[in-house]
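Presented below is the structure to which this report refers.
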Amino acid sequence: MIGPCARPRTLITARVVDASRPAAGYGVIRVEPEHEVEARPGQFAMLGVPGGCRATLHRPMSILGSGATLDFLIREVGRGSRALAGLVEGDDVQMIAPLGTPFPAPTKGERVVLVGGGVGASPLLFQARLAARQGARPTMIYGGRAGRDLVLADEMRQVCDLVCVTEDGTLGERGLATDPLAAALAAGGVDRVLACGPLPMMEASAALALEAAVPCLVCLEALMACGFGACLGCAIPAAGGGYLYACSDGPVLAAERVDWERMRAA
Amino acid sequence: MARRWDILATVSTPGILAVNLGPVRLKNPVMTASGTCGYGHDVQPAGLNASLGAICTKGLSLEPRQGNPPPRIWETPAGMLNAIGLANMGVEAFLADVLPLLEQAGVTVIANIFADSMEDFGRLAARLAKAGGIAALELNVSCPNVKQGGIHFGRDPDRAAELTAHVSERSGLPIIVKMTPEAPDIAAVARACEQAGACALSAINTIRGMAVDVERARPRLATVYGGLSGPALKPIALRIVHELSKQVSIPIVGIGGISSAEDALEFLMAGASAVQVGTATFLDPQAPFQVLAGLETWCTEHETTIRKVIGSMEEP
Ligand SMILES: Cc1cc2nc3c(=O)[nH]c(=O)nc-3n(C[C@H](O)[C@H](O)[C@H](O)COP(=O)(O)OP(=O)(O)OC[C@H]3O[C@@H](n4cnc5c(N)ncnc54)[C@H](O)[C@@H]3O)c2cc1C
Ligand SMILES: Cc1cc2nc3c(=O)[nH]c(=O)nc-3n(C[C@H](O)[C@H](O)[C@H](O)COP(=O)(O)O)c2cc1C
Ligand code: FES
């Protein structure tokens with residue numbers, strides 16, 4: 001449940017100042033909001049769908065960066081994400097941001113393993129950049145179907161010890177992200193696991209971390225109508241019964257708070 | 001840069017905007033719709049909501065409710081389906097944790113309530129009345145009556161009337177009955193509620209619909225059916241408000257797909273005395289305030305008042 005709202009919520013306009021296509025089916029856009037948006041890793045924006053009618057719901061997208069410009073990595077899965085990935089420099093996009101509960105700020109000396117898949121790498125890259133500013137260099141396990149899905153690999157390499165894993169072996173080792181995670185946990189010394197990616201990957205990472213008694217945080221997705229606690233659409237089955245809300249309790253949640261079995265059924 | 005909420009500073013001439021819902025005086029005709037703006041303190045600051053005619057709370061029940069399993073929502077052409085399942089904190093938490101904040105901020109509160117039986121509706125209404133600080137109750141009569149084998153209070157004129165009278169007697173509060181468009185004879189339900197002492201009617205609640213995920217050959221919603229809301233609903237809602245305004249003499253609150261002052265004016269001209277903004281808030285959390293500001297501008301420019309606009313559409 002969310003508490004009193006402190007500041008008025010508004011829809012703001014942002015100007016696309018850069019747009020690129022890192023790989024087929026993906027778009028990266030950099031936007032300049034009408035005023036600065038102080039965001040933290042794991043937080044997201046509700047982005048207005050370009051060309052949508054006035055009933056088209058906004059789409060949640062993880063924020064990469066903070067301040068005068070924000071970046072978004074968008075994978076095309078349907079109408080809304082296609083329109084957003086297709087934005088070009090000079091376009092305007094509407095947004096509500098920042099939203100959601102972020103990852104805890106990185107602390108000095110903490111050994112963190114990041115596990116990311118697909119566009120889930122975007123909040124993790126943001127987190128790794130903050131850690132780098134503290135002189136830390138987290139391990140990032142980056143998984144995907146093929147090398148072309150690891151679109152942030154180059155950026156990741158600059159701030160992380162990067163381990164790439166692909167199902168078809170086109171980049172890094174062949175296998176699943178959980179293989180190197182299991183090895184890292186077995187080697188010991190891991191203080192925390194942060195995971196963001198496809199549901200099976202997060203569930204498996206959470207299970208491995210739990211087994212090794214290492215705290216694990218996951219960054220979850222849910223269908224969202226509002227993004228700010230008004231519709232109660234983004235229910236996440238909670239361990240012990242009931243629901244958490246992805247937009248306000250999450251999207252970042254301690255893995256043990258989630259009922260993975262009911263989550264899978266959804 | 002001018003922040004969008006500065007528009008509120010322009011709403012300074014309440015006389016042109018004030019409306020009455022029977023005994024309930026509203027400083028302007030714009031409210032939030034139940035289930036789309038939380039409890040009045042969480043989606044926007046309570047202080048901001050105080051500028052609206054009223055806020056209509058998320059549907060409250062005697063006990064807290066967890067709601068339905070996900071997926072609970074799906075976007076549809078010009079609207080959305082929801083099957084939230086009336087998740088809410090329960091009346092006691094609302095009275096203890098929220099209502100004092102709303103009162104302190106000067107928010108006019110309409111409590112939207114639902115229960116499975118008439119007795120529980122009565123108990124809930126009495127509890128809210130005893131607490132004080134509630135301007136009116138809005139009865140959500142579209143939920144199944146478990147004791148009566150799943151019929152809806154809102155579909156049957158006799159049951160709706162009986163409920164209205166009971167809740168009114170138990171609470172002594174002004175009662176707004178929220179009409180379901182699924183009633184076989186909505187005009188009969190409306191007349192029955194008027195006779196039973198409702199101070200106003202609100203129309204409409206969502207219409208049940210569905211969507212299918214063809215890749216997985218599964219319904220998009222865990223409950224299969226969900227309520228359709230948003231602009232897709234507006235023409236139907238307008239028609240019902242217009243029809244009901246010919247059938248009853250109590251005020252009608254128009255609801256359904258309102259996202260601009262022009263939408264609100266359509267409802268007012270068709271016979272509504274006030275409006276509620278629902279799904280539009282998901283797209284722009286300032287939507288109710290934009291509608292309000294737009295209405296004031298319109299009245300000023302047309303040298304008129306909301307009271308004069310109500311029912312002013314010329315019939316052909
Ligand atoms: C907090 C959060 C952060 C996100 N961050 C990113 C990000 O950084 N980059 C990115 O590309 N995507 C991100 N997503 C997912 C993104 O919001 C969806 O892919 C997008 O809304 C789909 O819209 P669409 O119109 O393209 O798809 P639709 O045409 O609506 O649907 C196409 C398919 O996508 C699925 N889908 C729709 N909405 C979602 C959703 N919210 N989550 C998962 N699947 C969905 C549908 O079930 C359907 O099968 C995030 C989601 C959340 C909740
Ligand atoms: C997510 C959601 C939750 C809702 N919850 C309630 C509720 O608890 N009680 C109620 O009477 N109506 C509820 N409604 C219906 C709205 O109050 C309103 O009648 C309907 O959505 C039509 O208006 P709109 O098109 O402006 O949204 C809900 C609607 C939505 C979209
Ligand atoms: S998306 Fe609306 S409550 Fe979370």
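Order of the sequence lines fixes the chain letters, A, B, ..., with proteins taken first and strands second; residue numbering starts at 1 for each chain.
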Which bit of [X] is near chain B, if near means a heavy-atom gap under 4.5 Å: side chain, backbone, both or neither?
{"X": "A:Ile96", "result": "side chain"}
{"X": "A:Cys231", "result": "both"}
{"X": "A:Ala225", "result": "both"}
{"X": "A:Ala238", "result": "neither"}

Mind ranking [options] by heavy-atom pairs under 4.5 Å with chain A and telling me who comes out on top?
{"options": "B:Lys58, B:Arg218, B:Gln66", "result": "B:Gln66"}
{"options": "B:Thr76, B:Thr281, B:Ile84", "result": "B:Ile84"}
{"options": "B:Pro69, B:Gly47, B:Gly230", "result": "B:Pro69"}

Decide if atom CD of A:Glu167 counts as having more than 12 heavy atoms of other residues, nucleotides or ligands within a radius under 6.0 Å.
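Atom CD in A:Glu167 is packed in, count exceeds 12.
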Counting only heavy atoms not in B:Glu92, do more than 12 fall under 6.0 Å of its CD?
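Enclosed: over 12 neighbouring heavy atoms sit under 6.0 Å from CD of B:Glu92.
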At a 4.5 Å cut-off on heavy atoms, which part of [X] comes close to chain A: side chain, backbone, both, or neither?
{"X": "B:Ala222", "result": "neither"}
{"X": "B:Asp97", "result": "neither"}
{"X": "B:Arg65", "result": "neither"}
{"X": "B:Leu101", "result": "side chain"}

Between A:Arg59, A:Met224, A:Arg262, A:Met263, which shows the greatest number of heavy-atom pairs under 4.5 Å with chain B?
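That would be A:Arg59.
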Which residue out of A:Cys5, A:Ala55, A:Gly52 racks up the most heavy-atom pairs below 4.5 Å with chain B?
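Max contact count across the listed options: A:Cys5.
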When B:Ser202 is tested against each of B:Lys178, B:Glu138, B:Gln276 for side-chain hydrogen bond (donor to acceptor under 3.5 Å, both in side chains), which residue passes?
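The passing option is B:Glu138.
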Would you call B:Lys234 and B:Glu266 a salt bridge, using N to O less than 4.0 angstrom?
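Here B:Lys234 pairs with B:Glu266 in a salt bridge, since their nearest N and O are under 4.0 Å apart.
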I would like to know whether B:Asp213 and B:Trp74 meet side chain to side chain contact (heavy atoms under 4.5 Å, CB included); could you show each step before the answer?
CA-CA 10 Å; B:Asp213 179 346; B:Trp74 189 253; over 6 Å; no
Tell me, please, whether A:Tyr243 has B:Arg72 positioned over its six-membered ring: NZ or CZ under 6.0 Å from the ring centre and within 45 degrees of its axis?
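The answer is yes; both the distance and angle limits are met.
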Using a 4.5 Å cut-off on heavy atoms from C-beta on, say whether the side chain of B:Gln44 contacts that of A:Arg9.
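In contact.
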Minimum heavy-atom distance A:Arg148-A:Val151, with the two atoms named:
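Taking every non-hydrogen atom into account, O-CG1, 3.4 Å.
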Any donor-acceptor N or O pair under 3.5 Å, side chains A:Gln43, A:Glu38
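No pair is found: no donor N or O on one side chain lies under 3.5 Å from an acceptor on the other.
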